[in-house]
Structures are given as C-alpha cells and as structure tokens.
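Have a look at the structure below, then the notes.
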Amino acid sequence: MLGLEAAFFWVCLILILIGGAVGLFLWRGRKVGYAPYFAGWFITWPIIAYLGAQGYTGQVVFCALVALFFLKVRDVRLYAVAFCAFLTWVVAATFWSPDTKPILIGDLVSGDFNMDMVGARFGLTMLATMAVMVALKHVPEGTASRSLGLIRVLGAIHWTSVVVTGFGLALIMELILGAGLSPDPSSLIQNLLRNANAFALLLPFLLAWIWHRDWPLWAKTLAALVFGGSVTAFALTGTQTALFGSVFMLFAMGIVRLFPRSGFKALFGGMAAYVATAPIIFGVGLDFLARIGITLPGSFFSRTKGWELVGEKITEKPLMGHGLEATYNWSETYADRPEWLEEALAQFGTGKGWENYEILNSHPHNMPLQIWVETGAIGAFLAALAVLLFGFRLKMPFEWPAVSRYAAAGLIGIAFSICSFSYSMWNEAFWASLALAAGVILLQARQDGGVSK
C-alpha cells in the first residue's frame with residue numbers, strides 16, 4: 001500500500017504542476033503583469049505546508065523564473081550590497097566547515113540529484129527571493145485584486161486545515177498510526193509543527209485584511225475568531241514557536257501604531273542589534289537564570305544548555321566561526337559535562353536518559369547564535385548591517401496602506417520568533433516561505449497604492 005508520505009509527495013507534485021498551469025494561464029504574457037502568475041503558485045502553499053514545508057524552495061524558484069522578465073533594477077541599494085556581502089561570506093564559510101560538501105551530488109537518471117553544498121543552496125535561494133520581491137514591487141497599482149483574492153481563499157483553507165488538525169490531532173494520529181500509514185510518527189509530528197509555523201507566516205496578512213474591512217462589527221469579530229482559533233490550534237499542535245510568534249506579532253503591530261514614523265526603524269534596528277550582540281544577550285540572560293535559580297521545563301532546560309555550549313564554541317573562533325553546519329558535528333552528551341548532568345538529574349530525576357542525551361541537537365535553534373558560531377563576527381555584523389540598512393530604507397509606517405503596514409509589522413514578529421526558537425539559519429525552505437509571505441504583503445501594498453522604497 002502506498003505510504004502516507006509517498007502519497008503526499010505525488011499529490012504535492014500534481015498540485016505544483018496545476019499551480020504552475022493556473023499561474024501561466026492567468027498570466028498569459030507580460031502585459032497582464034506578474035501578480036497572477038505569483039498568485040497561481042499559491043495553490044501549492046497549503047499542501048507543501050503539510051508535507052513539512054520543504055517544498056517552498058521550489059515554489060519560490062518557479063516564481064523567480066518568470067520574475068526575471070519583470071526586473072527593473074534602476075540603481076543598487078546599500079542594503080542589497082550588504083546583503084550580497086553577507087551571502088558571499090556565507091558561501092565562503094562553507095569551505096572551512098568540518099562538514100564540507102560538494103556543490104552537486106547524484107544524477108538525474110537515478111533520481112538522487114541534489115545541490116548538497118548548503119551555502120550555495122542558501123545563497124541561490126536568497127537571490128531567487130530577491131528577484132521575486134523586485135518583480136512584485138513593480139506590479140502596477142490596483143491590478144492585483146483577483147490575485148490577492150485567490151491568495152486569501154487559500155489562506156482561509158490553510159487556516160481551516162490547521163484548526164481541524166489541531167483540534168483533531170489525537171484522533172488523526174490514532175487513525176494514521178493504527179493504519180500503519182506512517183512508519184515514523186516523530187516525522188509526522190514535525191511536519192504538523194512545520195505546517196502550523198508556515199500558516200503563522202500568513203496569519204498577519206489575513207488578520208490585517210479582515211480587521212480593516214468595511215464590515216462594521218463583523219470585521220473585528222471575525223478577526224478575533226481567526227486569531228483565537230489560530231492560537232488554540234498552535235497550542236494543541238504543540239508549537240511554542242507559533243504561540244510566541246502570535247504574541248510578538250501583536251507587539252510589533254503595536255509598535256508601528258504607537259510610532260507611525262519610526263516603527264519600522266525600531267523593529268529592524270532591534271533585530272540588527274539582536275544579531276550583532278546575540279552572544280552577550282544570551283550570556284547575560286542565561287547567567288541571570290542561573291543566579292535566580294528558576295526551574296525550567298526539561299525541553300527548555302536542554303535548549304539553554306545548548307545555547308551555553310554554543311557560547312563557549314563562539315569564543316574558540318570568534319572572528320570567522322567554525323564553518324557552515326559545524327554544529328551538526330558536535331555530539332557532546334551530558335555525560336561529557338558532569339556539572340550539567342548533575343544539574344539535570346537534580347531537577348528532573350534519574351532514569352530519563354540524560355547521560356546519553358546530546359547537549360546540542362543538530363543546530364542551536366537560534367539563528368543569531370548560529371550565524372555567530374558558524375560564520376563568526378564578520379558574518380554576524382554583515383547580517384546585522386543588511387537588516388539595519390533595509391529597515392532604514394523602508395518608508396515610514398504611516399506612508400504604507402493600513403493593511404500592508406500592520407501585516408508587515410506582524411510578519412516581523414512571527415519571523416523573530418521562528419528565528420529565535422526554531423529552524424536552522426540555513427534552512428532555505430523557511431526563508432523561501434518567509435519571502436512568499438512578504439511578497440503577499442508587498443502585493444497588497446501595490447494593490448492599495450503604496451510600497452517600500
């Protein structure tokens with residue numbers, strides 16, 4: 001019998017082809033503009049999310065292929081120069097990594113062809129996202145209403161699926177595992193978490209659009225229901241990242257409301273400072289937690305010890321870092337750190353396998369720290385500079401239309417949470433999904449007559 005993962009793969013492939021066909025049909029040439037083609041690919045958004053969100057790299061690449069016909073680069077911005085410098089340094093950091101990989105592996109005939117060098121894969125994905133954003137920036141004003149309507153419908157479908165999955169998670173898992181459709185339950189759970197995180201990227205756009213509809217009472221009520229249903233589904237699914245992101249989303253929206261002139265500068269300036277000073281922030285913060293003697297849940301305790309280990313590794317090679325994905329080679333367990341093992345046993349008791357538990361699970365689950373430990377201070381300061389310059393290049397919040405203003409701020413809050421607690425920095429699929437969500441907001445801004453500089 002066809003396994004669940006294989007079935008999802010073929011469904012995703014079929015939907016990708018359908019999405020491309022719909023996009024091309026709506027596009028029908030350059031005169032119509034880029035928006036219909038971009039929106040057509042969103043048919044694949046919900047199903048890719050359920051497959052673990054790794055397919056967003058392909059989605060953004062296909063969007064970028066046609067975006068090349070719409071590029072209108074009149075000058076070069078400083079933030080783009082800083083960003084390209086960061087990408088160059090990231091690719092360079094691949095070559096002094098202990099886990100250096102070839103650029104290409106496998107072959108097309110056997111079906112295992114892949115770009116294995118993470119730096120090259122990440123860099124090319126970032127360049128593709130830049131092409132998509134530039135093309136969307138030049139969509140003619142007021143021409144994207146149908147494209148945005150399709151995206152909102154797909155967003156509503158994704159919201160419904162996340163809520164249904166969250167509320168019926170126990171029953172769904174019982175049916176799937178009982179039928180033997182998934183040989184790896186942990187992988188299925190991870191996919192459900194990634195699915196919820198992917199929807200969280202669209203949530204600010206949906207909420208901002210609903211809130212600003214001219215439906216006197218119903219708009220606010222519906223927005224509250226969508227937000228409440230989302231938060232409940234995040235909690236039931238078990239994604240603390242999306243839960244924290246929901247809080248950060250509201251906070252960021254409040255920032256641009258309270259500071260209509262400097263709100264975006266404050267948000268991006270704060271992000272830049274976070275990246276540039278991450279080792280200090282975590283060093284001071286973890287020391288404070290140790291001093292007050294607060295008892296943390298087991299999973300969070302483990303995460304903090306991983307951050308402590310990363311902090312120690314940063315001091316070993318502070319300038320250039322250990323190289324991309326070097327953290328995957330650090331297999332120290334708590335048995336190798338008796339003082340940490342003693343602390344874990346004192347808090348959580350024996351018999352829980354702490355002796356054999358790896359301190360760092362693959363990567364730090366914090367992107368600023370990962371930038372520092374793998375690309376060093378050079379990479380961190382280049383990344384911080386690019387973020388800072390981009391934030392200061394944007395128009396002031398009050399110059400943006402209402403929907404895109406609050407949606408953009410909310411997306412910053414969601415991204416902050418994911419960058420702080422979840423994926424690897426070099427997870428190009430996450431950055432592709434973030435770019436697509438940002439592209440929707442940019443398209444809304446073009447529809448309403450406003451856009452970033």
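Throughout, residue positions are numbered sequentially from 1 according to the sequence presented.
- Using a 4.5 Å heavy-atom cutoff, the side chains of T241 and F234 are not in contact.
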Could you give me the CA-CA distance, side-chain angles and deciding distance for H322 and N329, then say whether side-chain hydrogen bond (donor to acceptor under 3.5 Å, both in side chains) is met? CA-CA 11 Å; H322 293 263; N329 295 281; over 6 Å; no
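- Inter-residue side-chain proximity for L201 and I418 is flagged as met; some heavy-atom pair is nearer than 4.5 Å.
- Within the 4.5 Å cutoff, no side-chain heavy atoms of V256 are placed close to those of F398.
- The only member of V153, L150, I151 that meets side chain to side chain contact (heavy atoms under 4.5 Å, CB included) when paired with F42 is I151.
- By the 4.5 Å heavy-atom criterion applied to side chains, S422 and M367 are not counted as neighbours.
- For the pair F430 and C419, the minimum side-chain heavy-atom distance is below 4.5 Å.
- For S404 and Q444, the side-chain atoms include no donor-acceptor pair closer than 3.5 Å.
- Between L394 and K265, the closest side-chain pair of non-hydrogen atoms is not below 4.5 Å.
- Side chain of W330 to main chain of N361: no donor-acceptor pair is present (N/O by atom type, distance under 3.5 Å, no hydrogens or angles).
- In this structure, K220 forms a cation-pi arrangement with W211, its terminal cationic atom sitting closer than 6.0 Å to the ring centre and no more than 45° off the ring axis.
- Environment of OH in Y274: crowded, with over 12 heavy atoms of neighbouring residues, nucleotides or ligands closer than 6.0 Å.
- Counted by atom type alone, W159 and S230 present one or more donor-acceptor pairs between their side chains at under 3.5 Å.
- Looking at T239 and L192, their side chains never come closer than 4.5 Å, going by heavy atoms from C-beta outward.
- In this structure a side-chain-to-backbone donor-acceptor pair under 3.5 Å is missing from E374 to I371.
- The backbone N or O of F259 lies less than 3.5 Å from no partner atom in the side chain of S262, so there is not a single donor-acceptor pair.
- By the 30° and 60° cut-offs, the orientation of the rings of W307 relative to F421 is tilted.
- Side-chain atoms of S97 never come within 3.5 Å of backbone atoms of A93 as a donor-acceptor pair (strictly under, hydrogens ignored).
- In this structure, F244 places its CZ atom where only 12 or fewer heavy-atom neighbours from other residues, nucleotides or ligands lie under 6.0 Å away.
- Contact of the F268 side chain with the L388 side chain is not registered, since no non-hydrogen atoms from C-beta on lie closer than 4.5 Å.
- Aromatic pair Y56/W431: ring centres not closer than 6.0 Å.
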Determine, step by step, whether N366 and Q370 satisfy the side-chain hydrogen bond (donor to acceptor under 3.5 Å, both in side chains) criterion, reporting the C-alpha distance in whole Å, the side-chain angles of both residues, the deciding distance to 0.1 Å, and the verdict. CA-CA 6 Å; N366 180 275; Q370 189 171 5; over 6 Å; no
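- Looking only at distances, no side-chain donor or acceptor of W209 sits under 3.5 Å from a matching main-chain atom of V403.
- By the 6.0 Å contact criterion, CH2 on W215 is enclosed, its count of non-hydrogen atoms from other residues, nucleotides or ligands being greater than 12.
- Panel note: side chain H212, backbone I210; no donor-acceptor pair is recorded below 3.5 Å.
- Judged purely by atom type and a 3.5 angstrom limit, R446 uses its side chain to pair as donor or acceptor with the backbone of K137.
- By the 6.0 Å contact criterion, CZ on R257 is open, its count of non-hydrogen atoms from other residues, nucleotides or ligands being 12 or less.
- When only modelled atom types and interatomic distance are considered, Q447 and S145 share no side-chain donor-acceptor pair under 3.5 Å.
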